[in-house]
Protein chains: 2
Amino acid sequence: MSTATHYLADVLKSLAQPTRLKIVDFLRDGERCVCEIFPAIDEEQSNTSRHLNHMQTHGILARRKEGVKIFYAVKHPEVFEIIDLATSIVKNEVEVRSGLIRGAERGKP
Amino acid sequence: MSTATHYLADVLKSLAQPTRLKIVDFLRDGERCVCEIFPAIDEEQSNTSRHLNHMQTHGILARRKEGVKIFYAVKHPEVFEIIDLATSIVKNEVEVRSGLIRGAERGKP
DNA sequence: ATACTGTATGACTATATAGTCATATAATCA
DNA sequence: TGATTATATGACTATATAGTCATACAGTAT
């Protein structure tokens, strides 16, 4: 079992979860503290904290302490590119499945 | 719970798994049949079949039947871009953690 | 019809994951 | 000091996931 492949899977797994996607999306504008994040994504504080910790541990988020508050930010701009690419896959799948376009005609106007 | 976010997470989940990453990587050169795939990635035929089915169901792979053989191919080129971006995140993390470079100096020579 | 090859699946086990509730900890303030 | 605010975590439950083994099924050939 290649360890590199496992690390790669871990990074992708850090993004492949609805609650974490909501967090990352909320962080598009930059650093936010936990107290801003969990109300914005409408999740429990404890659950939000766990996901933030998960992503920080896996190298996706940076953590900064300022007094009582902890600020998190997305560390790698590639994260947003990945999500945007995955979004375009989803959009195309939805179009193809709804019969709007044929599978072979991706991207053509 | 936004369904769109769930679809997005599902697509990313389809890639966020070592065995599936091995499969996708093997499919970089194009379409392959199951009988070529599972020996190449060194996994059981049944397990390989399940992962192939998973990815096809989630819109990542295309399936083509030719006699007894089933050929699979990656449907969206974005898949490879996503994996390459995630790989660059992993590489940077490894570098930063090994102390080779500072976190703030990403990408600079 | 029988045998053979390639692929899928039922049934199961082990492990991982997401989420909740209650509580602990840390920093700040009155 | 005690109260308050912000964040993390222990303990638990429910569900999802990956993998295995044996078997079923489909297509082809004899």
Side-chain angles (χ1 to χ4, degrees), chain A residues 1-3 5-27 31-74, chain B residues 1-3 5-27 31-74:
Chain A
M1 55 191 112
S2 150
T3 307
T5 305
H6 279 77
Y7 277 134
L8 186 54
D10 281 345
V11 163
L12 289 165
K13 255 179 207 159
S14 293
L15 305 177
Q17 209 278 339
T19 303
R20 292 198 284 268
L21 284 173
K22 285 193 284 178
I23 290 173
V24 169
D25 198 59
F26 182 64
L27 294 178
E31 201 186 47
R32 298 282 180 182
C33 74
V34 183
C35 58
E36 294 173 294
I37 299 171
F38 80 86
I41 65 169
D42 195 33
E43 291 287 339
E44 294 256 331
Q45 178 268 323
S46 62
N47 191 30
T48 305
S49 175
R50 285 190 205 284
H51 284 297
L52 288 167
N53 180 62
H54 181 283
M55 288 193 279
Q56 196 258 333
T57 300
H58 288 80
I60 300 300
L61 300 184
R63 170 191 257 143
R64 187 175 66 84
K65 198 170 182 173
E66 190 182 308
V68 207
K69 297 188 177 177
I70 311 281
F71 289 83
Y72 286 93
V74 173
Chain B
M1 58 192 109
S2 151
T3 307
T5 305
H6 279 76
Y7 277 133
L8 185 55
D10 282 344
V11 164
L12 288 165
K13 254 179 210 161
S14 293
L15 305 176
Q17 209 278 341
T19 302
R20 292 198 285 269
L21 284 173
K22 284 193 286 179
I23 291 173
V24 169
D25 198 59
F26 182 66
L27 294 178
E31 202 186 46
R32 299 280 179 185
C33 75
V34 182
C35 57
E36 294 172 294
I37 298 171
F38 78 86
I41 65 169
D42 194 33
E43 291 286 339
E44 295 257 328
Q45 179 269 323
S46 63
N47 190 30
T48 304
S49 176
R50 286 190 205 283
H51 284 297
L52 289 167
N53 180 62
H54 181 282
M55 288 193 279
Q56 197 259 334
T57 300
H58 288 80
I60 301 300
L61 300 183
R63 169 190 259 143
R64 188 175 65 85
K65 199 170 183 172
E66 191 181 307
V68 207
K69 298 188 178 179
I70 311 282
F71 289 83
Y72 286 94
V74 174

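So that the names make sense, note that chain A is the first sequence line, chain B the second, and so on, each numbered from 1.
A donor-acceptor contact under 3.5 Å is not formed by the side chain of A:Gln45 with the base of D:dA6. Put simply, the side chain of B:Arg50 and the base of D:dT20 share a donor and an acceptor less than 3.5 Å apart.
Taking for each of A:Lys69 and B:Lys13 the nucleotide of DNA chain D with the nearest heavy atom, the 5'-most of the two is the partner of A:Lys69. Toward the 5' end of DNA chain D, the nearer of the two residues A:Tyr72 and B:Pro18, judged by each one's closest nucleotide, is A:Tyr72. Of the two residues near DNA chain C, A:Glu43 and A:Val68, the one whose nearest nucleotide lies more 5' is A:Glu43.
Contact between B:Leu12 and A:Leu15 at its shortest, heavy atoms only, is CD1-O, 3.7 Å. In this structure, B:Ile41 and B:Lys22 approach most closely via the heavy-atom pair O-NZ, 3.1 Å.
Between A:Lys65 and the phosphate of D:dA6, there is no side-chain N or O to OP1/OP2 separation shorter than 4.0 Å. For D:dT9, the OP1/OP2 oxygens have no side-chain nitrogen or oxygen of A:Ser46 closer than 4.0 Å. Of the side-chain N and O atoms in B:His51, one or more sit less than 4.0 angstrom from OP1 or OP2 of D:dG19.
Taking atom CZ of A:Arg32 as the reference point, atom P of D:dA6 lies 16 Å away to the nearest angstrom. In this structure, the CD1 atom of B:Ile37 is 14 Å from the C1' atom of C:dA8, given to the nearest Å. Nucleotide D:dG19 holds its C1' atom 13 Å from the CD1 atom of B:Ile23, rounded to whole Å. Straight-line distance from the CD atom of A:Glu44 to the P atom of C:dT17: 21 Å, rounded to whole Å. When the C1' atom of D:dG19 is taken as reference, atom CG of B:Leu52 falls 15 Å away, rounded to whole Å. Between B:Asn47 atom CG and C:dC12 atom P there is a gap of 19 Å when expressed in whole angstrom units.
Contact annotation for B:Gln17: backbone-only contact, meaning every heavy-atom pair under 4.0 Å involves sugar-phosphate atoms and none involves a base. At a threshold of 4.0 angstrom between heavy atoms, the contacts of A:Thr48 with the nucleic acid are absent.
For A:Arg63, the side-chain atoms get nearest to D:dA8 when compared with the rest of C:dG6, C:dG10, D:dA8.
Looking at heavy atoms from C-beta onward, B:Met55 lies in side-chain contact with B:Val24 at the 4.5 angstrom threshold.
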